[in-house]
Number of protein chains: 2
Amino acid sequence: MKQTEYLPHIAYDSVIIGFTGDELKILIMEYHNTGLYALPGGFVKKNEDLNEAAKRGLEERTGLKNIFLEQFYTFGDTKRHQPEVLRTIIEANEKTPHESLQWLLDRFISVAYYALINYHDVVPKPDALSDSCTWYPLKKLPPLILDHADIVNRAIFALRENIDRKLVTVNLLPATFTMKELQHVYEAILDTNIRRTTFQRQMLASELLVRHDKRYSGKAHKAPYVYSFKAKKP
Amino acid sequence: MKQTEYLPHIAYDSVIIGFTGDELKILIMEYHNTGLYALPGGFVKKNEDLNEAAKRGLEERTGLKNIFLEQFYTFGDTKRHQPEVLRTIIEANEKTPHESLQWLLDRFISVAYYALINYHDVVPKPDALSDSCTWYPLKKLPPLILDHADIVNRAIFALRENIDRKLVTVNLLPATFTMKELQHVYEAILDTNIRRTTFQRQMLASELLVRHDKRYSGKAHKAPYVYSFKAKKP
DNA sequence: TATTATTGTTACAAATTGAGACAATAATAA
DNA sequence: TTATTATTGTCTCAATTTGTAACAATAATA
(Lines give C-alpha, C1' and ligand atoms only; values in the text may rest on other atoms or scores of the structure.)
Protein backbone atom coordinates (compact mmCIF):
# COMPACT_ATOMS: atom_id res chain seq x y z
CA MET A 1 0.00 0.00 0.00
CA LYS A 2 2.39 2.66 -1.21
CA GLN A 3 1.33 6.26 -1.43
CA THR A 4 2.63 6.68 -4.95
CA GLU A 5 0.05 4.26 -6.29
CA TYR A 6 -2.90 6.25 -5.01
CA LEU A 7 -4.45 9.69 -5.29
CA PRO A 8 -3.64 11.52 -2.07
CA HIS A 9 -6.38 12.87 0.23
CA ILE A 10 -9.08 10.77 -1.43
CA ALA A 11 -10.63 7.65 0.08
CA TYR A 12 -13.83 5.69 -0.16
CA ASP A 13 -15.80 3.86 2.49
CA SER A 14 -18.41 1.18 1.92
CA VAL A 15 -21.46 0.31 3.96
CA ILE A 16 -21.88 -3.32 2.96
CA ILE A 17 -25.37 -4.48 3.85
CA GLY A 18 -26.69 -8.03 4.04
CA PHE A 19 -30.00 -9.48 5.19
CA THR A 20 -30.10 -12.59 7.37
CA GLY A 21 -33.80 -13.27 7.07
CA ASP A 22 -34.89 -11.03 9.88
CA GLU A 23 -32.42 -8.18 10.22
CA LEU A 24 -29.91 -6.10 8.32
CA LYS A 25 -26.25 -6.60 9.03
CA ILE A 26 -23.23 -4.53 8.12
CA LEU A 27 -19.62 -5.54 7.56
CA ILE A 28 -17.27 -3.92 10.07
CA MET A 29 -13.48 -4.20 10.25
CA GLU A 30 -11.51 -4.36 13.46
CA TYR A 31 -7.90 -3.18 13.41
CA HIS A 32 -5.14 -5.27 14.97
CA ASN A 33 -4.60 -4.73 18.69
CA THR A 34 -6.46 -1.44 18.85
CA GLY A 35 -10.10 -2.18 19.63
CA LEU A 36 -10.93 0.28 16.84
CA TYR A 37 -13.75 -0.49 14.45
CA ALA A 38 -14.30 1.02 11.02
CA LEU A 39 -16.12 0.63 7.76
CA PRO A 40 -14.20 -1.17 5.04
CA GLY A 41 -12.66 1.34 2.70
CA GLY A 42 -9.72 2.05 0.51
CA PHE A 43 -8.05 4.40 -1.89
CA VAL A 44 -8.23 5.29 -5.55
CA LYS A 45 -5.40 4.32 -7.85
CA LYS A 46 -3.99 7.08 -9.98
CA ASN A 47 -5.35 5.57 -13.16
CA GLU A 48 -8.59 4.13 -11.87
CA ASP A 49 -12.18 5.36 -11.96
CA LEU A 50 -13.51 6.32 -8.55
CA ASN A 51 -16.46 3.94 -8.80
CA GLU A 52 -14.17 1.16 -10.01
CA ALA A 53 -12.00 1.62 -6.96
CA ALA A 54 -14.97 1.11 -4.67
CA LYS A 55 -16.02 -1.94 -6.66
CA ARG A 56 -12.51 -3.40 -6.45
CA GLY A 57 -12.41 -2.95 -2.69
CA LEU A 58 -15.80 -4.56 -2.35
CA GLU A 59 -14.71 -7.60 -4.34
CA GLU A 60 -11.60 -7.93 -2.21
CA ARG A 61 -13.67 -7.90 0.97
CA THR A 62 -16.51 -10.16 -0.13
CA GLY A 63 -15.19 -12.22 -3.03
CA LEU A 64 -18.29 -11.26 -5.01
CA LYS A 65 -18.45 -9.57 -8.40
CA ASN A 66 -21.24 -7.56 -9.99
CA ILE A 67 -22.55 -6.31 -6.71
CA PHE A 68 -25.11 -3.56 -6.40
CA LEU A 69 -23.03 -0.59 -5.31
CA GLU A 70 -24.26 2.96 -5.06
CA GLN A 71 -22.50 6.16 -4.21
CA PHE A 72 -24.59 8.28 -1.85
CA TYR A 73 -22.51 11.06 -0.28
CA THR A 74 -19.03 12.49 0.04
CA PHE A 75 -17.80 13.31 3.51
CA GLY A 76 -15.30 16.14 3.68
CA ASP A 77 -15.51 17.95 6.99
CA THR A 78 -12.21 18.95 8.54
CA LYS A 79 -13.26 17.40 11.83
CA ARG A 80 -13.00 13.95 10.27
CA HIS A 81 -9.24 14.50 10.13
CA GLN A 82 -8.00 12.81 13.33
CA PRO A 83 -4.41 11.79 12.72
CA GLU A 84 -4.08 10.37 16.25
CA VAL A 85 -6.60 7.65 15.40
CA LEU A 86 -4.69 6.65 12.29
CA ARG A 87 -1.42 6.84 14.22
CA THR A 88 -2.79 4.30 16.70
CA ILE A 89 -3.74 1.96 13.87
CA ILE A 90 -0.38 2.34 12.15
CA GLU A 91 1.63 1.84 15.30
CA ALA A 92 -0.29 -1.30 16.21
CA ASN A 93 0.54 -2.74 12.83
CA GLU A 94 3.44 -5.16 12.77
CA LYS A 95 3.55 -6.26 9.18
CA THR A 96 4.21 -3.03 7.32
CA PRO A 97 7.08 -0.57 7.99
CA HIS A 98 5.44 2.38 9.68
CA GLU A 99 7.20 4.98 7.54
CA SER A 100 5.46 3.72 4.43
CA LEU A 101 2.07 4.40 6.04
CA GLN A 102 2.69 7.98 7.12
CA TRP A 103 0.58 9.31 4.26
CA LEU A 104 -2.48 7.88 6.02
CA LEU A 105 -2.11 10.68 8.56
CA ASP A 106 -3.10 13.26 5.96
CA ARG A 107 -6.54 14.71 5.70
CA PHE A 108 -8.90 12.57 3.58
CA ILE A 109 -12.14 13.26 1.83
CA SER A 110 -14.19 10.09 1.64
CA VAL A 111 -16.69 9.12 -1.01
CA ALA A 112 -19.22 6.79 0.58
CA TYR A 113 -21.03 3.87 -1.04
CA TYR A 114 -23.55 1.35 0.09
CA ALA A 115 -23.54 -2.18 -1.26
CA LEU A 116 -26.30 -4.76 -1.05
CA ILE A 117 -25.37 -8.39 -1.05
CA ASN A 118 -26.75 -11.80 -0.31
CA TYR A 119 -25.64 -12.40 3.24
CA HIS A 120 -25.26 -16.15 2.82
CA ASP A 121 -22.99 -15.84 -0.22
CA VAL A 122 -20.22 -14.06 1.64
CA VAL A 123 -17.21 -15.08 3.68
CA PRO A 124 -15.74 -11.70 4.70
CA LYS A 125 -12.00 -11.25 4.35
CA PRO A 126 -10.00 -8.72 6.39
CA ASP A 127 -7.49 -6.43 4.72
CA ALA A 128 -3.82 -5.86 5.54
CA LEU A 129 -4.35 -3.57 8.51
CA SER A 130 -7.29 -5.33 10.14
CA ASP A 131 -7.65 -8.70 11.77
CA SER A 132 -11.35 -9.20 11.39
CA CYS A 133 -14.13 -8.31 9.03
CA THR A 134 -17.38 -9.31 10.65
CA TRP A 135 -21.11 -8.91 10.24
CA TYR A 136 -22.76 -6.75 12.89
CA PRO A 137 -26.50 -6.16 13.25
CA LEU A 138 -27.31 -2.64 12.14
CA LYS A 139 -28.92 -2.02 15.50
CA LYS A 140 -25.93 -3.25 17.48
CA LEU A 141 -22.89 -1.72 15.85
CA PRO A 142 -19.74 -1.21 17.88
CA PRO A 143 -18.49 2.38 18.27
CA LEU A 144 -16.91 3.36 14.97
CA ILE A 145 -13.94 5.63 14.31
CA LEU A 146 -14.15 9.12 12.83
CA ASP A 147 -17.53 9.88 11.27
CA HIS A 148 -18.28 6.31 10.26
CA ALA A 149 -21.47 6.17 12.32
CA ASP A 150 -22.76 9.17 10.35
CA ILE A 151 -21.85 7.38 7.15
CA VAL A 152 -23.90 4.34 8.17
CA ASN A 153 -26.89 6.48 9.09
CA ARG A 154 -26.84 8.29 5.82
CA ALA A 155 -26.47 5.01 3.93
CA ILE A 156 -29.62 3.62 5.52
CA PHE A 157 -31.42 6.84 4.72
CA ALA A 158 -30.38 6.57 1.08
CA LEU A 159 -31.38 2.92 0.98
CA ARG A 160 -34.87 3.75 2.25
CA GLU A 161 -35.29 6.39 -0.42
CA ASN A 162 -34.36 3.88 -3.08
CA ILE A 163 -36.40 0.95 -1.85
CA ASP A 164 -39.11 1.33 -4.45
CA ARG A 165 -37.41 3.40 -7.11
CA LYS A 166 -34.46 1.12 -7.62
CA LEU A 167 -35.60 -2.38 -6.79
CA VAL A 168 -32.86 -2.65 -4.22
CA THR A 169 -34.39 -5.66 -2.50
CA VAL A 170 -33.35 -7.89 -5.42
CA ASN A 171 -29.86 -7.80 -4.10
CA LEU A 172 -30.66 -8.84 -0.56
CA LEU A 173 -32.63 -11.98 -1.38
CA PRO A 174 -31.84 -15.30 -3.00
CA ALA A 175 -33.01 -15.89 -6.56
CA THR A 176 -36.42 -17.05 -5.40
CA PHE A 177 -38.25 -16.08 -2.26
CA THR A 178 -41.68 -16.06 -0.71
CA MET A 179 -43.86 -13.03 -0.32
CA LYS A 180 -43.26 -13.13 3.41
CA GLU A 181 -39.50 -13.09 2.92
CA LEU A 182 -39.81 -10.09 0.64
CA GLN A 183 -41.96 -8.37 3.20
CA HIS A 184 -39.37 -9.01 5.90
CA VAL A 185 -36.73 -7.23 3.82
CA TYR A 186 -38.97 -4.22 3.48
CA GLU A 187 -39.68 -4.23 7.18
CA ALA A 188 -35.99 -4.49 8.06
CA ILE A 189 -35.04 -1.61 5.77
CA LEU A 190 -37.91 0.67 6.71
CA ASP A 191 -37.92 -0.42 10.34
CA THR A 192 -41.71 -0.63 10.39
CA ASN A 193 -44.43 -3.22 10.33
CA ILE A 194 -46.21 -3.64 7.03
CA ARG A 195 -49.76 -4.90 6.57
CA ARG A 196 -49.57 -8.26 4.89
CA THR A 197 -52.52 -8.04 2.50
CA THR A 198 -51.80 -4.54 1.29
CA PHE A 199 -48.17 -5.41 0.71
CA GLN A 200 -49.05 -8.53 -1.25
CA ARG A 201 -51.56 -6.65 -3.38
CA GLN A 202 -49.09 -3.89 -4.21
CA MET A 203 -46.25 -6.24 -5.02
CA LEU A 204 -48.43 -8.30 -7.35
CA ALA A 205 -49.82 -5.16 -8.99
CA SER A 206 -46.31 -3.83 -9.58
CA GLU A 207 -45.73 -6.50 -12.23
CA LEU A 208 -42.14 -6.85 -11.09
CA LEU A 209 -42.53 -10.40 -9.83
CA VAL A 210 -42.82 -13.76 -11.53
CA ARG A 211 -44.66 -16.44 -9.60
CA HIS A 212 -43.20 -19.94 -9.57
CA ASP A 213 -44.21 -23.22 -7.92
CA LYS A 214 -45.09 -23.57 -4.27
CA ARG A 215 -42.47 -24.22 -1.67
CA TYR A 216 -43.29 -27.00 0.80
CA SER A 217 -41.64 -26.18 4.08
CA GLY A 218 -42.84 -29.20 6.08
CA LYS A 219 -44.92 -26.96 8.32
CA ALA A 220 -48.57 -27.60 9.08
CA HIS A 221 -50.09 -24.96 6.85
CA LYS A 222 -50.64 -23.87 3.29
CA ALA A 223 -47.44 -23.71 1.25
CA PRO A 224 -46.52 -20.28 -0.19
CA TYR A 225 -45.63 -19.60 -3.78
CA VAL A 226 -42.10 -18.48 -4.48
CA TYR A 227 -41.34 -15.49 -6.65
CA SER A 228 -38.43 -13.99 -8.52
CA PHE A 229 -37.90 -10.54 -9.94
CA LYS A 230 -38.51 -10.12 -13.65
CA ALA A 231 -35.60 -7.75 -14.13
CA LYS A 232 -32.41 -9.08 -12.65
CA LYS A 233 -29.70 -6.95 -11.14
CA PRO A 234 -28.93 -3.84 -13.16
CA MET B 1 -4.79 30.61 -6.72
CA LYS B 2 -1.70 28.81 -5.46
CA GLN B 3 -1.61 25.06 -5.26
CA THR B 4 -0.27 25.06 -1.72
CA GLU B 5 -3.48 26.58 -0.42
CA TYR B 6 -5.68 23.77 -1.71
CA LEU B 7 -6.11 20.03 -1.44
CA PRO B 8 -4.74 18.54 -4.66
CA HIS B 9 -6.90 16.43 -6.97
CA ILE B 10 -10.14 17.59 -5.36
CA ALA B 11 -12.55 20.08 -6.88
CA TYR B 12 -16.20 20.97 -6.66
CA ASP B 13 -18.61 22.11 -9.34
CA SER B 14 -21.92 23.85 -8.80
CA VAL B 15 -25.07 23.73 -10.87
CA ILE B 16 -26.60 27.05 -9.89
CA ILE B 17 -30.26 27.09 -10.80
CA GLY B 18 -32.62 30.05 -11.03
CA PHE B 19 -36.20 30.43 -12.22
CA THR B 20 -37.23 33.35 -14.40
CA GLY B 21 -40.95 32.85 -14.13
CA ASP B 22 -41.28 30.41 -16.97
CA GLU B 23 -38.04 28.45 -17.27
CA LEU B 24 -35.04 27.24 -15.34
CA LYS B 25 -31.68 28.84 -16.00
CA ILE B 26 -28.20 27.80 -15.06
CA LEU B 27 -25.08 29.88 -14.46
CA ILE B 28 -22.33 29.06 -16.95
CA MET B 29 -18.81 30.50 -17.09
CA GLU B 30 -16.93 31.27 -20.28
CA TYR B 31 -13.14 31.25 -20.20
CA HIS B 32 -11.13 34.08 -21.73
CA ASN B 33 -10.44 33.74 -25.44
CA THR B 34 -11.19 30.06 -25.64
CA GLY B 35 -14.87 29.63 -26.44
CA LEU B 36 -14.92 27.04 -23.66
CA TYR B 37 -17.88 26.88 -21.29
CA ALA B 38 -17.96 25.29 -17.88
CA LEU B 39 -19.85 25.10 -14.63
CA PRO B 40 -18.61 27.40 -11.89
CA GLY B 41 -16.39 25.47 -9.52
CA GLY B 42 -13.39 25.69 -7.31
CA PHE B 43 -11.10 23.96 -4.87
CA VAL B 44 -11.05 23.05 -1.22
CA LYS B 45 -8.68 24.86 1.10
CA LYS B 46 -6.51 22.65 3.24
CA ASN B 47 -8.28 23.66 6.40
CA GLU B 48 -11.79 24.04 5.09
CA ASP B 49 -14.84 21.76 5.16
CA LEU B 50 -15.79 20.45 1.73
CA ASN B 51 -19.33 21.80 1.94
CA GLU B 52 -18.01 25.16 3.17
CA ALA B 53 -15.78 25.39 0.14
CA ALA B 54 -18.73 24.96 -2.18
CA LYS B 55 -20.68 27.54 -0.21
CA ARG B 56 -17.80 30.00 -0.39
CA GLY B 57 -17.53 29.59 -4.16
CA LEU B 58 -21.23 30.11 -4.52
CA GLU B 59 -21.15 33.33 -2.54
CA GLU B 60 -18.28 34.60 -4.64
CA ARG B 61 -20.19 33.94 -7.83
CA THR B 62 -23.61 35.21 -6.76
CA GLY B 63 -23.00 37.56 -3.85
CA LEU B 64 -25.70 35.71 -1.89
CA LYS B 65 -25.39 34.05 1.48
CA ASN B 66 -27.43 31.27 3.05
CA ILE B 67 -28.26 29.67 -0.24
CA PHE B 68 -29.86 26.27 -0.57
CA LEU B 69 -26.94 24.10 -1.63
CA GLU B 70 -27.01 20.34 -1.87
CA GLN B 71 -24.34 17.84 -2.71
CA PHE B 72 -25.66 15.18 -5.07
CA TYR B 73 -22.81 13.19 -6.62
CA THR B 74 -19.06 12.90 -6.91
CA PHE B 75 -17.59 12.50 -10.37
CA GLY B 76 -14.35 10.55 -10.49
CA ASP B 77 -13.97 8.79 -13.81
CA THR B 78 -10.50 8.85 -15.33
CA LYS B 79 -11.93 10.01 -18.65
CA ARG B 80 -12.77 13.36 -17.09
CA HIS B 81 -9.03 14.01 -16.92
CA GLN B 82 -8.34 15.99 -20.09
CA PRO B 83 -5.23 18.08 -19.47
CA GLU B 84 -5.32 19.51 -22.99
CA VAL B 85 -8.56 21.33 -22.16
CA LEU B 86 -7.09 22.86 -19.05
CA ARG B 87 -3.91 23.68 -20.95
CA THR B 88 -5.97 25.70 -23.43
CA ILE B 89 -7.59 27.63 -20.63
CA ILE B 90 -4.30 28.30 -18.87
CA GLU B 91 -2.51 29.40 -22.01
CA ALA B 92 -5.30 31.80 -22.94
CA ASN B 93 -4.96 33.43 -19.55
CA GLU B 94 -2.94 36.62 -19.49
CA LYS B 95 -3.20 37.69 -15.88
CA THR B 96 -1.61 34.81 -14.01
CA PRO B 97 1.87 33.33 -14.66
CA HIS B 98 1.24 30.03 -16.36
CA GLU B 99 3.69 28.10 -14.20
CA SER B 100 1.61 28.76 -11.10
CA LEU B 101 -1.39 27.10 -12.74
CA GLN B 102 0.31 23.88 -13.80
CA TRP B 103 -1.33 21.96 -10.96
CA LEU B 104 -4.66 22.38 -12.74
CA LEU B 105 -3.41 19.84 -15.27
CA ASP B 106 -3.60 17.05 -12.67
CA ARG B 107 -6.44 14.62 -12.45
CA PHE B 108 -9.36 15.95 -10.36
CA ILE B 109 -12.25 14.28 -8.63
CA SER B 110 -15.18 16.67 -8.47
CA VAL B 111 -17.87 16.81 -5.84
CA ALA B 112 -20.99 18.26 -7.45
CA TYR B 113 -23.60 20.49 -5.87
CA TYR B 114 -26.77 22.11 -7.01
CA ALA B 115 -27.88 25.45 -5.68
CA LEU B 116 -31.30 27.06 -5.92
CA ILE B 117 -31.54 30.80 -5.92
CA ASN B 118 -33.88 33.62 -6.67
CA TYR B 119 -32.97 34.55 -10.22
CA HIS B 120 -33.77 38.23 -9.81
CA ASP B 121 -31.54 38.64 -6.74
CA VAL B 122 -28.34 37.81 -8.56
CA VAL B 123 -25.77 39.69 -10.57
CA PRO B 124 -23.33 36.94 -11.59
CA LYS B 125 -19.62 37.65 -11.19
CA PRO B 126 -16.92 35.88 -13.22
CA ASP B 127 -13.84 34.47 -11.53
CA ALA B 128 -10.17 35.05 -12.30
CA LEU B 129 -9.96 32.70 -15.27
CA SER B 130 -13.26 33.49 -16.93
CA ASP B 131 -14.62 36.59 -18.55
CA SER B 132 -18.30 35.91 -18.24
CA CYS B 133 -20.69 34.22 -15.89
CA THR B 134 -24.07 34.16 -17.54
CA TRP B 135 -27.52 32.63 -17.16
CA TYR B 136 -28.39 30.08 -19.83
CA PRO B 137 -31.75 28.36 -20.23
CA LEU B 138 -31.45 24.76 -19.10
CA LYS B 139 -32.75 23.68 -22.48
CA LYS B 140 -30.26 25.77 -24.45
CA LEU B 141 -26.92 25.26 -22.79
CA PRO B 142 -23.76 25.75 -24.79
CA PRO B 143 -21.48 22.71 -25.16
CA LEU B 144 -19.69 22.26 -21.84
CA ILE B 145 -16.18 21.02 -21.14
CA LEU B 146 -15.32 17.62 -19.65
CA ASP B 147 -18.31 15.86 -18.12
CA HIS B 148 -20.14 19.03 -17.13
CA ALA B 149 -23.18 18.17 -19.23
CA ASP B 150 -23.51 14.92 -17.25
CA ILE B 151 -23.23 16.90 -14.05
CA VAL B 152 -26.10 19.16 -15.10
CA ASN B 153 -28.27 16.19 -16.05
CA ARG B 154 -27.71 14.49 -12.76
CA ALA B 155 -28.39 17.73 -10.89
CA ILE B 156 -31.79 18.07 -12.51
CA PHE B 157 -32.52 14.45 -11.74
CA ALA B 158 -31.65 15.02 -8.07
CA LEU B 159 -33.74 18.18 -8.01
CA ARG B 160 -36.78 16.31 -9.31
CA GLU B 161 -36.40 13.66 -6.64
CA ASN B 162 -36.33 16.33 -3.98
CA ILE B 163 -39.16 18.50 -5.25
CA ASP B 164 -41.66 17.29 -2.69
CA ARG B 165 -39.44 15.85 0.00
CA LYS B 166 -37.35 18.93 0.55
CA LEU B 167 -39.50 21.90 -0.30
CA VAL B 168 -36.94 23.03 -2.84
CA THR B 169 -39.30 25.42 -4.60
CA VAL B 170 -39.03 27.83 -1.65
CA ASN B 171 -35.66 28.84 -2.93
CA LEU B 172 -36.70 29.60 -6.48
CA LEU B 173 -39.56 31.96 -5.70
CA PRO B 174 -39.87 35.37 -4.08
CA ALA B 175 -41.23 35.55 -0.54
CA THR B 176 -44.81 35.60 -1.76
CA PHE B 177 -46.21 34.11 -4.93
CA THR B 178 -49.44 33.04 -6.53
CA MET B 179 -50.57 29.48 -6.95
CA LYS B 180 -49.95 29.77 -10.67
CA GLU B 181 -46.38 30.88 -10.11
CA LEU B 182 -45.79 27.93 -7.83
CA GLN B 183 -47.28 25.64 -10.44
CA HIS B 184 -44.94 27.07 -13.08
CA VAL B 185 -41.92 26.18 -10.95
CA TYR B 186 -43.13 22.62 -10.64
CA GLU B 187 -43.75 22.43 -14.36
CA ALA B 188 -40.30 23.80 -15.17
CA ILE B 189 -38.55 21.35 -12.85
CA LEU B 190 -40.56 18.29 -13.82
CA ASP B 191 -40.84 19.36 -17.47
CA THR B 192 -44.51 18.37 -17.59
CA ASN B 193 -47.89 19.98 -17.58
CA ILE B 194 -49.76 19.83 -14.31
CA ARG B 195 -53.52 19.92 -13.91
CA ARG B 196 -54.43 23.17 -12.26
CA THR B 197 -57.22 22.07 -9.96
CA THR B 198 -55.48 18.94 -8.71
CA PHE B 199 -52.31 20.90 -8.06
CA GLN B 200 -54.15 23.56 -6.13
CA ARG B 201 -55.99 20.99 -4.06
CA GLN B 202 -52.81 19.14 -3.18
CA MET B 203 -50.85 22.24 -2.30
CA LEU B 204 -53.59 23.52 -0.03
CA ALA B 205 -53.96 20.11 1.60
CA SER B 206 -50.22 19.92 2.25
CA GLU B 207 -50.53 22.64 4.91
CA LEU B 208 -47.21 24.09 3.84
CA LEU B 209 -48.65 27.36 2.56
CA VAL B 210 -49.99 30.46 4.25
CA ARG B 211 -52.56 32.45 2.29
CA HIS B 212 -52.26 36.24 2.29
CA ASP B 213 -54.20 39.04 0.59
CA LYS B 214 -55.07 39.12 -3.05
CA ARG B 215 -52.73 40.57 -5.62
CA TYR B 216 -54.31 42.95 -8.12
CA SER B 217 -52.42 42.68 -11.35
CA GLY B 218 -54.43 45.18 -13.39
CA LYS B 219 -55.63 42.42 -15.69
CA ALA B 220 -59.27 41.87 -16.55
CA HIS B 221 -59.98 38.91 -14.34
CA LYS B 222 -60.28 37.70 -10.76
CA ALA B 223 -57.22 38.53 -8.63
CA PRO B 224 -55.33 35.58 -7.15
CA TYR B 225 -54.34 35.18 -3.55
CA VAL B 226 -50.65 35.21 -2.79
CA TYR B 227 -49.05 32.59 -0.59
CA SER B 228 -45.84 32.07 1.33
CA PHE B 229 -44.29 28.93 2.76
CA LYS B 230 -44.81 28.34 6.46
CA ALA B 231 -41.31 26.97 6.98
CA LYS B 232 -38.62 29.22 5.55
CA LYS B 233 -35.37 28.03 4.13
CA PRO B 234 -33.75 25.26 6.18
C1' DT C 1 -60.94 -36.77 10.24
C1' DA C 2 -60.47 -32.65 12.95
C1' DT C 3 -57.03 -29.15 14.09
C1' DT C 4 -53.57 -25.61 13.36
C1' DA C 5 -51.00 -22.05 11.22
C1' DT C 6 -50.40 -19.66 7.32
C1' DT C 7 -51.43 -18.11 2.62
C1' DG C 8 -53.99 -16.13 -1.37
C1' DT C 9 -58.02 -13.76 -2.51
C1' DT C 10 -62.11 -11.21 -2.05
C1' DA C 11 -65.27 -7.68 -0.23
C1' DC C 12 -66.35 -3.29 1.31
C1' DA C 13 -65.39 1.15 3.36
C1' DA C 14 -62.33 5.13 3.35
C1' DA C 15 -59.30 8.11 1.16
C1' DT C 16 -57.17 10.10 -2.88
C1' DT C 17 -57.04 11.52 -7.63
C1' DG C 18 -58.77 12.72 -12.40
C1' DA C 19 -61.62 15.52 -14.99
C1' DG C 20 -64.86 18.72 -15.63
C1' DA C 21 -68.32 22.22 -14.30
C1' DC C 22 -69.37 26.44 -12.29
C1' DA C 23 -69.66 30.58 -9.73
C1' DA C 24 -66.84 34.67 -8.32
C1' DT C 25 -64.44 38.60 -9.76
C1' DA C 26 -61.17 42.42 -11.63
C1' DA C 27 -60.60 45.00 -15.44
C1' DT C 28 -62.22 46.39 -20.14
C1' DA C 29 -65.45 47.34 -23.85
C1' DA C 30 -69.90 48.78 -25.20
C1' DT D 1 -74.17 51.22 -16.24
C1' DT D 2 -73.92 46.90 -18.15
C1' DA D 3 -72.10 43.12 -20.79
C1' DT D 4 -67.73 40.78 -21.84
C1' DT D 5 -63.39 38.46 -20.96
C1' DA D 6 -59.88 35.88 -18.69
C1' DT D 7 -58.63 33.75 -14.70
C1' DT D 8 -59.26 31.95 -10.09
C1' DG D 9 -61.19 29.22 -6.24
C1' DT D 10 -64.19 25.65 -5.19
C1' DC D 11 -67.30 21.91 -5.80
C1' DT D 12 -69.05 17.55 -7.81
C1' DC D 13 -68.90 12.99 -9.25
C1' DA D 14 -66.56 9.13 -11.19
C1' DA D 15 -62.38 6.38 -11.17
C1' DT D 16 -58.68 4.60 -8.73
C1' DT D 17 -56.06 3.31 -4.79
C1' DT D 18 -55.62 2.07 0.03
C1' DG D 19 -57.02 0.35 4.75
C1' DT D 20 -59.18 -3.28 7.04
C1' DA D 21 -61.21 -7.33 7.86
C1' DA D 22 -63.15 -11.62 6.54
C1' DC D 23 -62.82 -15.99 4.40
C1' DA D 24 -61.66 -19.96 1.86
C1' DA D 25 -57.69 -22.99 0.62
C1' DT D 26 -54.24 -26.03 2.13
C1' DA D 27 -50.04 -28.71 4.09
C1' DA D 28 -48.79 -31.01 7.89
C1' DT D 29 -50.02 -32.86 12.56
C1' DA D 30 -52.84 -34.84 16.26
Side-chain angles (χ1 to χ4, degrees), chain A residues 19-23 160-161 163-165 167 169 173-230, chain B residues 19-23 160-161 163-165 167 169 173-230:
Chain A
F19 179 65
T20 61
D22 54 23
E23 64 178 356
R160 285 182 186 155
E161 301 220 309
I163 194 168
D164 285 313
R165 286 196 308 96
L167 210 62
T169 51
L173 288 166
T176 62
F177 46 86
T178 66
M179 194 61 79
K180 170 163 278 189
E181 288 165 348
L182 181 58
Q183 183 179 339
H184 281 334
V185 179
Y186 269 75
E187 290 177 331
I189 292 175
L190 300 176
D191 198 23
T192 55
N193 294 322
I194 297 176
R195 177 165 285 269
R196 181 181 66 90
T197 53
T198 306
F199 181 77
Q200 175 135 339
R201 177 167 48 191
Q202 284 173 342
M203 284 297 131
L204 294 177
S206 76
E207 309 243 332
L208 296 170
L209 300 178
V210 184
R211 176 179 281 181
H212 305 284
D213 290 342
K214 295 186 175 186
R215 174 192 293 170
Y216 297 88
S217 64
K219 299 287 178 57
H221 55 73
K222 189 171 178 179
Y225 292 109
V226 301
Y227 301 84
S228 64
F229 283 99
K230 275 185 187 166
Chain B
F19 180 66
T20 61
D22 54 23
E23 65 178 356
R160 284 181 186 158
E161 300 219 310
I163 193 169
D164 284 314
R165 287 196 307 95
L167 209 61
T169 50
L173 288 166
T176 62
F177 47 85
T178 66
M179 193 61 80
K180 168 164 276 187
E181 288 165 348
L182 180 59
Q183 183 178 338
H184 281 332
V185 179
Y186 269 75
E187 290 177 330
I189 292 175
L190 299 177
D191 198 22
T192 56
N193 293 322
I194 296 176
R195 176 165 284 270
R196 181 182 66 91
T197 53
T198 307
F199 181 78
Q200 175 136 339
R201 176 167 50 189
Q202 285 173 341
M203 284 298 130
L204 294 177
S206 76
E207 308 243 331
L208 296 170
L209 300 178
V210 183
R211 177 179 281 182
H212 304 283
D213 290 342
K214 296 186 175 185
R215 175 192 292 170
Y216 298 88
S217 64
K219 299 287 177 57
H221 54 73
K222 191 172 177 178
Y225 292 109
V226 301
Y227 301 85
S228 64
F229 283 99
K230 275 185 188 168

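Residue numbers start from 1 in every chain, and the chains themselves are labelled A, B, ... in the order their sequence lines are given, proteins ahead of strands.
- Of the candidates D:dT7, C:dG8, D:dT10, the closest approach to any side-chain atom of B:Lys180 belongs to D:dT7.
- Whole-Å rounding puts the B:Tyr225 OH to D:dT7 P distance at 19 Å.
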(request) Can you check each nucleotide of nucleotides 19-29 of chain C against protein heavy atoms at under 4.0 Å and return B for base, S for sugar-phosphate only, - for none, in 5' to 3' order? (result) BBB--BBBB--

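- For DNA chain D, the stems formed by at least three consecutive Watson-Crick or G-U pairs, with both atom-pair distances below 3.5 Å, span C:1-30 with D:1-30.
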Using residues 194-210 of chain B as the side-chain source, report each donor-acceptor pair under 3.5 Å to any protein atom, sequence neighbours left out, with the distance given to one decimal.
{"from": "B:Ser206", "atom 1": "OG", "to": "B:Met203", "atom 2": "O", "distance (Å)": "2.6"}
{"from": "B:Ser206", "atom 1": "OG", "to": "B:Leu208", "atom 2": "N", "distance (Å)": "3.3"}

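- Rounded to whole angstrom, the span from the CG atom of A:Asp164 across to the C1' atom of D:dT17 amounts to 15 Å.
- Residues passing the side chain to side chain donor-acceptor pair (under 3.5 Å) test with A:Thr20 are A:Asp22, sequence neighbours excluded.
- For A:Glu187, there are no salt bridge (Lys or Arg N to Asp or Glu O under 4.0 Å) partners, not counting sequence neighbours.
- Nucleotide D:dA28 holds its P atom 13 Å from the CZ atom of A:Arg215, rounded to whole Å.
- Scored by the side chain to side chain donor-acceptor pair (under 3.5 Å) test, A:Glu23 finds no partners at all (sequence neighbours excluded).
- Residues satisfying the side chain to side chain contact (heavy atoms under 4.5 Å, CB included) criterion with B:Asp191, sequence neighbours excluded, are B:Lys139, B:Arg160.
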With a 3.5 Å cut-off and sequence neighbours excluded, list the donor-acceptor pairs that the side chains of residues 214-226 of chain B form with protein atoms.
{"from": "B:Arg215", "atom 1": "NH1", "to": "B:Glu181", "atom 2": "OE2", "distance (Å)": "3.1"}
{"from": "B:Ser217", "atom 1": "OG", "to": "B:Lys219", "atom 2": "N", "distance (Å)": "3.3"}

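- Atom-to-atom, CG of B:Leu204 to C1' of C:dT16 comes out at 15 Å; the value is rounded to the nearest Å.
- Contacts between residues 186-193 of chain A and DNA chain C, defined by a heavy-atom separation below 4.0 Å, involve no residue at all.
- Under the ring pair (Phe, Tyr, Trp, His ring centres under 6.0 Å) criterion, B:Phe177 pairs with B:Phe229, not counting sequence neighbours.
- One atom, CG of B:Leu182, and another, C1' of D:dT8, lie 15 Å apart when rounded to the nearest Å.
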